[in-house]
Amino acid sequence: MIDLTLKIGHLNLKNPVMTASGTFGYGEEYRDFLDLSRLGGIVVKAVTGSNRDGNAYPRMAETPSGMLNSVGLQNKGVDHFVKEIYPVIKDFNTNVIVNVSGSTIEEYVAVAEKINELEKVPAIELNISCPNVKHGGMAFGTIPATATEVTAAVRKVYQKDLIVKLSPNVTSIQEMAKAVVDGGADIISLINTLLGMAIDADKRKPVLSTLTGGLSGPAIKPIALRMVWQVSKAVHVPVIGMGGIMNATDAIEFILAGASAVQVGTANFIDPAVTVKIVEGIEAYCRLHKFSSVKELIGGLNS
Amino acid sequence: MIDLTLKIGHLNLKNPVMTASGTFGYGEEYRDFLDLSRLGGIVVKAVTGSNRDGNAYPRMAETPSGMLNSVGLQNKGVDHFVKEIYPVIKDFNTNVIVNVSGSTIEEYVAVAEKINELEKVPAIELNISCPNVKHGGMAFGTIPATATEVTAAVRKVYQKDLIVKLSPNVTSIQEMAKAVVDGGADIISLINTLLGMAIDADKRKPVLSTLTGGLSGPAIKPIALRMVWQVSKAVHVPVIGMGGIMNATDAIEFILAGASAVQVGTANFIDPAVTVKIVEGIEAYCRLHKFSSVKELIGGLNS
Amino acid sequence: MSVKKVLHDLVVAKNIHLNNRHFILELQAPEPLPGLLPGQFVQLLVNDSPSTFLRRPFSIHAFDEVNNAFRLLIQIKGEGTRHLSHLKVGEKLNVMYPLGNSFSRPPGKEVLLVGGGCGVAPLLFLGKWLKEQDVNVTLLTGWKRKEDIFEKEAYQQCGEVLITTEDGSEGEPGMVTGHSIFKSGRNFDRIYCCGPDRMMKAVAHIATRRGIDCEVSLENTMACGFGVCLCCITPTNHGNQRVCMEGPVFSIKELGW
Amino acid sequence: MSVKKVLHDLVVAKNIHLNNRHFILELQAPEPLPGLLPGQFVQLLVNDSPSTFLRRPFSIHAFDEVNNAFRLLIQIKGEGTRHLSHLKVGEKLNVMYPLGNSFSRPPGKEVLLVGGGCGVAPLLFLGKWLKEQDVNVTLLTGWKRKEDIFEKEAYQQCGEVLITTEDGSEGEPGMVTGHSIFKSGRNFDRIYCCGPDRMMKAVAHIATRRGIDCEVSLENTMACGFGVCLCCITPTNHGNQRVCMEGPVFSIKELGW
Ligand SMILES: Cc1cc2nc3c(=O)[nH]c(=O)nc-3n(C[C@H](O)[C@H](O)[C@H](O)COP(=O)(O)OP(=O)(O)OC[C@H]3O[C@@H](n4cnc5c(N)ncnc54)[C@H](O)[C@@H]3O)c2cc1C
Ligand SMILES: Cc1cc2nc3c(=O)[nH]c(=O)nc-3n(C[C@H](O)[C@H](O)[C@H](O)COP(=O)(O)OP(=O)(O)OC[C@H]3O[C@@H](n4cnc5c(N)ncnc54)[C@H](O)[C@@H]3O)c2cc1C
Ligand SMILES: Cc1cc2nc3c(=O)[nH]c(=O)nc-3n(C[C@H](O)[C@H](O)[C@H](O)COP(=O)(O)O)c2cc1C
Ligand SMILES: Cc1cc2nc3c(=O)[nH]c(=O)nc-3n(C[C@H](O)[C@H](O)[C@H](O)COP(=O)(O)O)c2cc1C
Ligand code: FES
Ligand code: FES
């Protein structure tokens with residue numbers, strides 16, 4: 001028997017495979033395709049202080065081995081989440097983690113406080129890639145001091161596991177990792193999307209209504225792997241790796257690079273059952289290579 | 001007749017298509033496949049102060065829609081270049097631009113001074129993505145002050161067109177662009193490769209001897225387009241765009257984003273004649289869309 | 001109450017090339033198909049096409065319940081559709097379906113279906129379904145020129161077929177929106193419309209002016225097709241709605257067109 | 001003085017599956033082929049394989065000047081080679097060739113060719129070429145088991161064929177490096193060797209010990225294959241050399257093996 005379980009922070013995972021925020025809705029739509037209880041966890045989409053309509057259409061552009069999105073945190077706000085969504089998803093037999101977003105530190109704190117009350121949510125994932133309205137729109141996650149500040153403010157009101165999700169659009173990801181650990185992060189997840197642009201040459205127009213958007217998918221995997229490796233060397237908190245994972249081999253690469261668990265995002269759009277296949281593939285890999293526990297793979301690069 | 005010519009800085013280009021440094025050798029190997037005089041320019045591979053062996057094998061990993069390399073500036077040094085290479089390439093009937101690299105500001109200056117003497121080299125491209133040995137290995141191109149400093153130092157000794165090539169591994173590419181313009185750059189080229197990593201899951205080893213390497217190819221095109229667009233809005237010097245250009249449509253996207261000219265890198269490995277096809281494709285596009293000059297396309301995004 | 005969505009490897013039973021830009025793929029299932037409704041679509045996984053990363057959405061063009069098969073009418077637009085056009089009978093294709101809502105039952109017995117170009121795709125299935133319910137179907141389709149017209153006979157089995165061609169080589173000259181039917185005073189209980197956005201908006205405009213109920217089918221670009229990415233939204237009078245879930249069929253009132 | 005490199009669309013004339021992991025592609029040119037030498041390789045563009053971005057290098061396995069054709073012996077390793085294995089006769093493939101240096105003429109008339117696994121690929125061409133020059137060729141090949149052996153008859157046309165199998169089901173049991181020929185006292189003017197690095201190094205070690213000249217063919221991973229990317233280098237006693245230009249064939253002395 002291969003042991004796929006692991007503990008990161010206080011989170012008990014059945015296996016290291018989780019879903020990435022914004023790519024899995026609230027899990028509901030996936031129930032036609034897979035048994036949610038087979039996953040290590042699901043991270044539901046961003047929740048903000050109040051309703052957001054998100055950006056105008058078009059919000060999507062396909063790119064080589066990837067896609068750009070500019071959804072823009074569309075959600076009905078934290079109160080709606082607590083009242084309407086939570087009751088439905090709280091009994092999924094897996095870790096339900098809420099991705100918390102905001103435009104100001106106060107908004108992050110307000111959302112985190114309310115999610116803190118939800119018994120069946122064992123952790124939040126702080127999405128610090130959001131533009132900071134008080135700082136000319138630079139993302140919280142691109143300035144170390146701001147990243148520390150927002151993390152620390154949320155830390156004060158949030159008692160359970162605090163995952164902070166890093167933006168890759170920075171010069172030094174290690175510095176950002178240290179900044180959020182300083183702020184009190186229990187776990188780091190990365191990477192969020194890379195800022196990109198698509199242009200329609202025939203129409204001579206940007207494809208996205210917002211001009212730029214977030215790049216995800218296999219195209220970014222080499223960058224994500226590098227950052228996960230750098231972060232796992234730079235800090236001592238557990239790391240959740242993501243960025244372009246399409247199959248079990250990709251997931252194992254992230255674990256070898258130093259991630260304790262992984263999240264799968266864009267791949268879910270192409271194969272909504274992919275996460276379960278990844279769980280099975282990791283188990284098969286352990287069997288083939290004679291590892292009795294997936295924990296033995298974490299950071300397990302030979303040199 | 002479509003006019004493909006343009007002038008950037010003091011450089012007269014037959015057309016906006018150039019080759020990217022490190023992907024075109026010294027042009028010699030391509031003569032079997034194309035007529036070099038059909039190109040707007042060729043940027044030869046990095047020249048440093050003295051001989052460099054580069055990194056150990058393996059230096060290459062294929063990635064989704066891209067590749068990682070860790071060649072590491074292998075070259076025989078500037079004196080060898082001046083004596084052995086320059087005499088062969090000086091009569092190529094196109095702009096021969098030398099990519100100048102170094103580990104210290106002194107090395108950059110020394111190389112630039114020697115290249116300044118070469119009559120048939122109308123410009124250098126300063127590769128500031130190199131690690132700065134005096135600064136813990138952080139690349140010159142990731143700290144604005146250092147980027148200004150190295151640019152200004154080279155500017156003092158280099159009289160012809162000074163192109164500075166930006167590294168994309170930064171939080172704010174606009175800030176870097178302004179920094180090198182402050183240092184005296186006549187033209188900006190971007191993007192160099194993104195730092196990435198590849199792992200062989202079966203061997204549980206990094207693929208590259210150097211662990212990390214530079215990502216190039218279509219995978220990075222959305223990021224490159226975004227940065228070219230940002231830089232062309234932030235500064236007033238001409239911009240040369242690159243990153244994942246595989247065909248004329250890609251090249252036109254960069255020009256629409258604000259680039260005056262483009263460089264083609266990795267695509268040359270797959271089709272060594274691709275640059276000439278891109279020249280032809282740009283001409284065909286202008287004809288189809290009724291532009292009499294490629295200059296009309298520069299930054300020509302409708303909104 | 002929505003039908004469960006499935007992911008199946010379906011077999012290409014036919015690949016009929018109508019002209020050099022359009023073809024019909026008939027896909028057959030080994031097991032009984034779930035119920036499919038007109039207006040619904042599927043998401044195909046295009047194999048072996050390096051520049052096609054995401055699935056590709058196509059409306060259900062015809063449904064053959066007896067043979068466990070359905071048809072797609074596909075226009076070659078880029079690499080993904082080009083690859084699909086080369087599929088051979090017997091090859092397998094991974095398909096997610098059924099997706100989206102569907103056209104609704106008309107409030108009366110007289111309806112007009114308007115399609116432009118490849119926008120006719122869902123209208124054949126719709127026309128047959130309406131006819132089975134004894135609705136009197138008139139179908140108006142617009143084309144560039146006579147040579148482009150395909151499947152006229154199939155549509156004629158659903159009802160009267162009216163045609164416009166831009167060059168006047170068949171039917172009335174001009175665009176569908178200029179067809180005399182709109183000036184004939186003839187009344188319809190509903191117009192169903194499918195095609196380029198601009199054409200649908202023009203038809204919606206006529207419908208509104210004439211006080212006719214109208215449903216249109218949108219083709220927003222999609223990443224997932226099953227409601228999770230929020231990329232395909234369209235603004236409606238009750239907020240942003242997902243074209244792949246709350247649509248692709250909307251009443252023009254919801255859209256505020 | 002190197003032959004001009006070309007990019008051609010060649011036609012698949014044959015695709016012969018030897019077993020479930022190895023196949024032979026015969027590629028035919030419409031125009032006369034340039035001269036090809038044993039040890040040289042080609043770079044194939046693999047179409048329609050989403051995970052295959054760069055060209056793939058393969059040694060020339062056989063050269064049929066009369067029919068303007070050459071053969072590649074390919075082992076299925078990943079997606080690129082899997083795609084190539086599905087190519088049908090008549091399909092076209094974009095090929096860059098001829099690439100690299102070649103095996104050199106031996107200093108005498110007695111040579112040993114040693115190949116392990118798919119490393120035999122360039123040795124058939126080499127063996128024929130040597131035989132045409134009246135060189136006495138002995139060919140030693142190593143396999144896992146009897147069932148894996150292919151093309152023995154073809155090699156026998158070049159000279160004596162010696163075999164080792166790991167399970168002893170044909171020829172001598174064990175690895176090529178353990179074959180009795182190396183202990184027989186028989187002398188060779190040169191050993192030509194091709195296969196996994198570890199095997200080549202072991203053969204190089206024997207050659208050095210016995211004072212026999214030895215050439216090996218390297219298979220470093222390549223991005224370009226024509227000398228411009230500097231990804232394929234190997235250290236030699238005169239600095240880093242490009243396996244695709246100064247190689248793939250090196251004398252073990254140059255490599256310091
Ligand atoms: C719900 C729905 C139903 C559809 N039904 C059909 C159908 O029945 N028959 C049919 O032929 N097509 C249909 N389409 C459109 C079809 O999905 C696209 O034409 C197809 O995905 C293009 O793929 P490609 O790889 O060939 O082209 P790409 O290379 O992806 O694109 C080629 C060009 O077409 C444009 N394009 C791609 N998709 C769309 C889109 N959805 N809307 C507008 N422009 C687009 C691109 O921007 C690009 O300029 C439908 C779309 C949706 C959303
Ligand atoms: C000069 C030269 C000549 C060659 N001649 C032949 C030949 O005649 N017949 C033949 O079958 N193969 C030959 N090869 C190897 C062949 O090029 C690779 O097996 C092939 O490119 C793999 O492509 P793929 O897409 O199937 O596998 P990929 O998916 O690219 O790789 C599958 C696995 O194989 C490994 N791999 C890929 N290429 C190499 C390589 N060059 N060396 C070691 N490991 C590799 C990868 O790391 C990976 O683990 C030659 C290589 C070179 C450089
Ligand atoms: C359509 C879409 C929406 C996303 N929304 C969010 C979000 O709301 N919050 C967040 O932290 N990340 C969001 N992401 C980023 C993903 O969670 C993930 O970090 C990223 O896509 C990289 O992983 P992938 O390559 O596996 O998709 C979104 C990604 C996509 C594609
Ligand atoms: C193998 C290789 C070597 C490179 N060497 C250099 C170099 O010496 N100097 C430099 O400025 N850029 C170098 N680059 C970066 C390219 O010039 C270019 O900026 C980058 O590859 C992005 O363009 P592309 O996607 O078209 O390849 C190299 C790229 C590759 C792939
Ligand atoms: S396409 Fe993803 S929500 Fe509609
Ligand atoms: S593979 Fe590029 S130099 Fe050899």
Side-chain angles (χ1 to χ4, degrees), chain A residues 61 63-68 138-139 142-143 167-172 176 194-206 211-215 217-230 244 246 248-257 285 288-289 297 300-303, chain B residues 61 63-68 138-139 142-143 167-172 176 194-206 211-215 217-230 244 246 248-257 285 288-289 297 300-303:
Chain A
T63 67
S65 298
M67 62 172 278
L68 288 166
M138 282 286 281
T142 57
I143 305 166
S167 163
N169 301 298
V170 297
T171 307
S172 169
M176 295 309 309
L194 280 144
L195 195 62
M197 185 174 190
I199 289 173
D200 184 324
D202 279 323
K203 299 194 185 121
R204 287 186 291 287
K205 273 181 134 170
L211 309 189
T212 63
L215 182 64
I220 68 170
K221 193 184 74 169
I223 301 169
L225 272 178
R226 182 262 295 182
M227 291 188 166
V228 165
W229 177 74
Q230 288 178 321
M246 299 297 283
T249 307
D250 293 335
I252 289 159
E253 289 168 17
F254 276 87
I255 298 172
L256 293 170
Y285 178 95
L288 182 68
H289 292 272
L297 294 177
L301 281 183
N302 305 322
S303 47
Chain B
T63 67
S65 297
M67 62 173 277
L68 290 165
M138 283 285 282
T142 57
I143 305 165
S167 164
N169 301 299
V170 297
T171 307
S172 168
M176 295 308 312
L194 281 142
L195 197 62
M197 186 174 188
I199 289 173
D200 184 324
D202 279 323
K203 300 195 185 120
R204 286 186 291 287
K205 274 179 129 171
L211 310 188
T212 63
L215 183 63
I220 69 171
K221 193 184 74 168
I223 302 168
L225 272 178
R226 180 262 294 181
M227 291 189 167
V228 164
W229 178 74
Q230 288 178 321
M246 298 297 283
T249 307
D250 294 335
I252 289 160
E253 289 169 18
F254 276 87
I255 296 172
L256 292 170
Y285 177 96
L288 181 69
H289 291 273
L297 294 177
L301 280 183
N302 305 321
S303 46

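Residue numbering restarts at 1 for every chain, and letters A, B, ... go by the order of the sequence lines.
- Across I220(B), L68(B), T212(B), L194(B), a single residue satisfies side-chain contact (heavy atoms from CB on, under 4.5 Å) together with P222(A), and that is L68(B).
- In this structure the side chain of M176(B) never reaches within 4.5 angstrom of the side chain of T171(A), judged on heavy atoms.
- Residue P206(A) comes nearest to N302(B) through the heavy atom pair CD-O, 3.6 Å, listed as atom of the first residue, atom of the second, then distance.
- The minimum heavy-atom distance between R204(A) and G300(B), with the atom names listed, is CB-O, 3.8 Å.
- Per-residue counts of heavy-atom pairs under 4.5 Å with chain B were compared for G244(A), P64(A), A139(A); the largest is that of P64(A).
- Interface residue M138(B): only side-chain heavy atoms are found under 4.5 Å from chain A.
- Using a 4.5 Å cut-off between heavy atoms, Y285(A) contacts chain B through its side chain alone, with no backbone atom that close.
- Comparing P218(B), G66(B), A198(B) by how many heavy-atom pairs each has under 4.5 Å with chain A, the most go to P218(B).
- Looking at L215(A), the atoms closer than 4.5 Å to chain B (heavy atoms on both sides) all sit in the side chain, from C-beta outward.
- Of all heavy-atom pairs between R226(A) and N169(B), the closest is NH2-OD1, 3.9 Å.
- Heavy-atom distances place the side chain of L211(A), and not its backbone, under 4.5 Å from chain B.
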request  = Kindly indicate, with the supporting measurements, whether the criterion side chain to side chain contact (heavy atoms under 4.5 Å, CB included) is fulfilled by D202(A) and H289(B).
outcome  = CA-CA 8 Å; D202(A) 279 323; H289(B) 291 273; 3.2 Å; yes
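- Taking the side chain as every heavy atom from C-beta outward, L195(A) and M227(B) never approach each other to under 4.5 Å.
- Applying the side chain to side chain donor-acceptor pair (under 3.5 Å) criterion to S65(A), with sequence neighbours excluded, gives S65(B).
- Looking at residues two or more places apart in sequence or on another chain, you find a salt bridge (Lys or Arg N to Asp or Glu O under 4.0 Å) between D200(B) and K203(B).
- The most heavy-atom pairs under 4.5 Å with chain A, out of I223(B), D250(B), L297(B), I143(B), come from I223(B).
- Taking all atoms of both residues into account, the shortest heavy-atom contact from M197(B) to L225(A) is O-CD1, 3.6 Å.
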task = Apply the test side chain to side chain contact (heavy atoms under 4.5 Å, CB included) to residues W229(B) and I199(A): give CA-CA distance (whole Å), side-chain angles for both, the deciding distance (0.1 Å), then the verdict.
result = CA-CA 11 Å; W229(B) 178 74; I199(A) 289 173; 5.9 Å; no
